[in-house]
> 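Input: one structure, supplied below.
Computed from heavy atoms alone, side chains included, the values below leave out hydrogens, waters and symmetry copies.
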Amino acid sequence: MTSNSGATPDASESMRNATLERCLGVLRDAKSDSEQFAALLLVTRAVRAGDIDSRTRRRIFDAVGFTFPNRLLASREPPAGCPEHVFRGLGLTLLACFCTDPELAGHSQILNKIPTFNSILASPSDPNDMSICSMIDDVYQCLGAVMATPRGPKELVSQGTVSALCQAYVNRSYSCDRALELLMGLLATAETKCWQTATPDLMVVLSRLSEEFQQAEDMIKFQLCDVLPHFVSPSLLLPQDREGSECLCNLYKGLFSILSSKLSQSQRDPALKLAACLTQTCGSDWIPAERAGNKFLALLVNLACVEVRLTLEEPDPADVDGKQEVVTACYTLIELGILECMREEKPRLREAQKIQLVRIMEEAFGAVIHYLSQVGEQKLKDPFIFASVRILGTWLAEETSSLKQEICSLLPFLVHYAKTLFQEQGKARNLSQHVGELVGLGSPQGSVWPTDALRFLLPGLCHLTAEDRPREILISEGAPALLCQYFLHQWEELASNPQTSALPDSIEISLQTTCEVFLNLVVTAPDLVRRDRCFSSLMDALLKSLPSLQPQKVHLVLAAHVATLGLMMARLLGSSPALQGTPPAKDFFEAAICFLSQAHTAQADPTSQGLALAVSPAYKAAWADISELWFLGMQTFASCVPLFPWLPQTVLRSRWLDDLLRLLGQAAPVSMDFELITALQGVLLELARASQQCREVIVVQRGKEIANLYGMAALEQCLCEQ
């Protein structure tokens, strides 16, 4: 029995090969179309596309080529007694056979059949007609093979396959589950193009899927959790139209029924990932703003925190690897929780809910810190580590009062991690530039690092550098030098691209936040700024950057940061050769004067007949973000005047002194608050003390009278001394 059972497959294969040999011989010797047709029938009966090896498939192709399948697909007159679709079916069977060869699947003769494949899928089909079903099976095999080729997805999308697949699924055509699989594959590889070319059709599919998801009461509900994220595109504004809102309502109801129930882990994980996908796309807008919706939002964040704790508190970090995808989804939901707890305008959560969630999130971040503290050098490039650092950075940006001991213990790792990624990206940039120069392309402009860890850590570092112990750790770990390098690179990115709108906002925000970190260090660790060479390099960069930045009002907030930081550092580094009346130093102070002098103007006071001092129109929109920097800049500029003997002459050349006195002479004193008067007096007083010429200008322009009028006692006394 053993020998017979072993011989049977070989005998069967020998018989099949012998039959195929005869068929190929007949096909090769055929003299007419009818003889070729008969031979092809024998070939297709002898083998199915999936049953032959590559050598046999190639022999069939060599015997048939593309010419004969093309004729079969084009023909509309089958022989007498044959079914209507026999020619087309034979042609598709041959193409499906050829497509199992990746080289043939990408051939232009296959790609130009895509419209034919689409028309077959989009046509109504009778599931009881076996010839039609066989054709559809062959079409799906061809499309799947084409999609697996390098050019395939682009060709399928551009030639309308997305719409055809959508119609096949919505019409519940034969084997429509394969249409859904192909759609998910295309969306995974070319999502943006798919939505650009077939938004209405894809929306119909999303609507159908969301309805099924909401109504299903069996395992289909959980299976759809894996399908739906492919169809929830970030490019869609789902909450803003009726169809999209209905989809979101169905998805919310479906997830509510799942996550409000007692589930196994295998059922809960896909639901959490779908919820995270919706959150990434719509924020909290997919959850109804009502009591039940707000309770669900809190439940969602709670479940995410529990999942993070259960996973990351495992004794062995290797056990986390299989759960990285769902934990990353939970990070998205926790970030939603942070944002909702911080929301002050139209809050969705009650204070009691916020307090409870903050406590639960604190426990989750304790688990994140515990996990990161065990990460070895070999895992630093793992995307999951980046995701964990990113969410921790989001937490630190809002909350530094809790877990202080744990955070301080983790700071050396965070600095090392950020430095490692920065250096790796630097190597990649240098290699990219070198390759670009070799092929004549140059360096890519405005590129964004895919793993810019510092971008997410900066807000937290801004808080931490204001506290003694964390600041000491950061300084000892070399964070200031790393931040200087980071600032210089980000500035190069900004300065090298003349089309500012093409750059992501993150670059400018990162520069602003880095300046805020440095401002903390200037105030709390002035000796570090004086002795660490990296700050000299930073000072040089600030001197050069402000003159090009200041005239562009689109960069006003960044200019305010650079001007104020530069002035404060100049006060500490006054003896530096770079600041001794050099052209860059003079250019910087001229730009700083422009920033400070253009902030206010005299305008008609609606409550009186006179003029009032007001924020100038160009500064008004950004004043909430830059007012503190402006006042600090005024105070620091005043303290710089006695340090640099050449500075009063720069002020005189700029005409700031004349403009300021004229402004004070025009405006009503009651229109100015005490803080503004103090800031203006500080500058006028130091100029009067440092320069006889400035004192004379002030006196000539009614300086004593203005000082008395505005209650500037120190300035009035200074002017009366001589």
> Grab the two heavy atoms, one from C341 and one from V358, that are nearest each other, plus how far apart they are.
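Taking C341 first and V358 second, the nearest heavy atoms are SG-CG2, 4.1 Å.
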> So T465 and F518, do their side chains get closer than 4.5 Å, heavy atoms only?
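Side-chain contact under 4.5 Å: no.
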> Determine, for E477 against K419, whether the closest basic-nitrogen to carboxylate-oxygen distance falls under 4.0 angstrom.
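Not counted as a salt bridge, because no side-chain N and carboxylate O are separated by less than 4.0 Å.
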> Once you round to the nearest 0.5 Å, how far does CD of E675 lie from CZ of F631?
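With rounding to 0.5 Å, CD (E675) is 4.0 Å from CZ (F631).
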> Looking at H561, is its backbone amide N or carbonyl O close enough to the side chain of T564 to form a donor-acceptor pair, meaning the two atoms are under 3.5 Å apart?
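Pair absent, no side-chain N/O of T564 close to backbone of H561.
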> From R343 CZ over to L339 CG, what is the distance, rounded to the nearest 0.5 angstrom?
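One finds 9.0 Å between CZ of R343 and CG of L339.
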> Any heavy-atom pair between the side chains of L684 and C718 that's under 4.5 Å?
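Sidechains of L684 and C718: no contact.
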> Would you compute the distance between atom CG of L542 and atom CE of M539 and round it to the nearest 0.5 angstrom?
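So the CG of L542 and the CE of M539 are separated by 5.0 Å.
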> Is K544 atom NZ crowded by more than 12 heavy atoms from other residues, nucleotides or ligands, each under 6.0 Å away?
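Count not over threshold, so no.
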> Quick check for you: to the nearest 0.5 Å, what is the distance between M634 atom CE and L567 atom CG?
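These two atoms lie 11.0 Å from each other.
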> Using side-chain heavy atoms (C-beta onward) and a distance below 4.5 Å, is L414 in contact with L392?
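SC-SC contact between L414 and L392 confirmed.
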> Given side chain to side chain contact (heavy atoms under 4.5 Å, CB included), test L685 with M712 step by step and report yes or no.
CA-CA 9 Å; L685 178 61; M712 298 178 179; over 6 Å; no
> Are any side-chain N or O atoms of R348 and backbone N or O atoms of S284, one a donor and one an acceptor, separated by less than 3.5 Å?
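The answer is yes, because a donor-acceptor pair under 3.5 Å joins these two groups.
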> Can the ring centroids of W630 and Y619 be said to lie less than 6.0 angstrom from one another?
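Ring-ring flag for W630/Y619: false, centres at least 6.0 Å apart.
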> Identify the two heavy atoms, one from Y417 and one from A453, that lie closest to each other, and give their separation to 0.1 Å.
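Looking at all heavy atoms of both residues, the closest pair is CE2-CB, 3.8 Å.
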> Tell me if the CZ atom of R655 is crowded by more than 12 foreign heavy atoms within 6.0 Å.
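Counting neighbours around CZ of R655, 12 or fewer heavy atoms of other residues, nucleotides or ligands fall under 6.0 Å, so no.
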> Nearest heavy-atom pair of L573 and R530: which atoms, and what distance?
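For L573 and R530, the tightest heavy-atom pair comes out as CD2-CA, 3.9 Å.
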> Could you report the tightest heavy-atom contact between V641 and A690, atom names first, then the distance?
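Heavy atoms only, the tightest pair is CG1-CB, 3.6 Å.
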> Give me the atom names and distance for the closest heavy-atom approach of L411 to I473.
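Where L411 meets I473 most closely, the heavy atoms are CB-CG2, 3.8 Å.
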> Any side-chain heavy-atom pair from L454 and L483 closer than 4.5 angstrom?
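Counting from C-beta outward, L454 and L483 do come under 4.5 Å.
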> Could you walk me through whether L458 and I509 pass the side chain to side chain contact (heavy atoms under 4.5 Å, CB included) test, one step at a time?
CA-CA 10 Å; L458 282 172; I509 292 172; over 6 Å; no
> Quick check against the 3.5 Å criterion: does S671 have a side-chain atom that pairs as donor or acceptor with the backbone of L613?
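A pair under 3.5 Å: yes.
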> Got a sec: does the CD of E628 have more than 12 other heavy atoms crowding it under 6.0 Å?
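Check fails, neighbour count at 12 or below.
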> Between E340 (side chain) and L349 (backbone), is there a donor-acceptor pair under 3.5 Å?
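Flag not set: sc E340 to bb L349 has no pair under 3.5 Å.
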> Nearest 0.5 angstrom please: E516 CD to Q512 CD, how far?
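Going from CD on E516 over to CD on Q512, the span is 7.0 Å.
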> Is the backbone N or O of W395 less than 3.5 Å from a side-chain atom of E335, with the two atoms forming a donor-acceptor pair by type?
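Between the backbone of W395 and the side chain of E335 there is no qualifying donor-acceptor contact (under 3.5 Å).
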> Are any side-chain N or O atoms of K404 and backbone N or O atoms of P470, one a donor and one an acceptor, separated by less than 3.5 Å?
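Checking the backbone N and O of P470 against the side chain of K404, no donor-acceptor pair under 3.5 Å is found.
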> Quick check: does any side chain N or O of S616 sit under 3.5 Å from a backbone N or O of Q598, one acting as donor and the other as acceptor?
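Present.
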> Between L596 and W656, is a side chain to side chain contact (heavy atoms under 4.5 Å, CB included) present by the stated rule, with each step listed?
CA-CA 9 Å; L596 296 171; W656 183 24; 4.1 Å; yes
> Are a donor atom and an acceptor atom from the side chains of E399 and S401 found within less than 3.5 Å of each other?
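Yes, side-chain donor-acceptor contact under 3.5 Å.
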> If we only count heavy atoms from C-beta on, is the I334 to M361 side-chain gap below 4.5 Å?
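In contact.
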> Rounded to the nearest 0.5 Å, how far does OH of Y710 lie from CG of L676?
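One gets 9.0 Å once the value is rounded to the nearest 0.5 Å.
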> Can C515 and V562 be said to form a side chain to side chain contact (heavy atoms under 4.5 Å, CB included), step by step?
CA-CA 7 Å; C515 286; V562 172; 4.3 Å; yes
> Is any side-chain heavy atom of M672 closer than 4.5 Å to one of L680?
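Yes, at least one pair of side-chain atoms sits under 4.5 Å.
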> Are any of the side-chain nitrogens in E362 or R359 under 4.0 Å away from the carboxylate oxygens of its partner?
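Between R359 and E362 there is no salt bridge, as every charged N stays at least 4.0 Å from the carboxylate O atoms.
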> Kindly give the heavy-atom pair with the smallest separation between R455 and S510, and that separation in Å.
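Nearest heavy atoms, R455 then S510: CG-OG, 3.7 Å.
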> Hey, is NZ on K620 packed in by over 12 heavy atoms from elsewhere, all under 6.0 Å?
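Counting other residues, nucleotides and ligands, NZ of K620 stays at 12 neighbours or fewer.
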> For the pair Y331 (side chain) and A387 (backbone), establish whether a donor and an acceptor sit closer than 3.5 Å, ignoring hydrogens and angles.
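Answer holds: no.
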> Side-chain contact, heavy-atom cut-off 4.5 Å: F535 with V522?
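When only atoms from C-beta onward are counted, V522 and F535 do not touch, as no gap falls below 4.5 Å.
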> Test your reading of the model: is there a side-chain donor-acceptor pair from S691 to the backbone of L687, 3.5 Å cut-off?
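No: the side chain of S691 does not pair with the backbone of L687.
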> Taking C-beta and beyond as the side chain, do I475 and D532 meet within less than 4.5 Å on heavy atoms?
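No, every pair of side-chain atoms sits at 4.5 Å or beyond.
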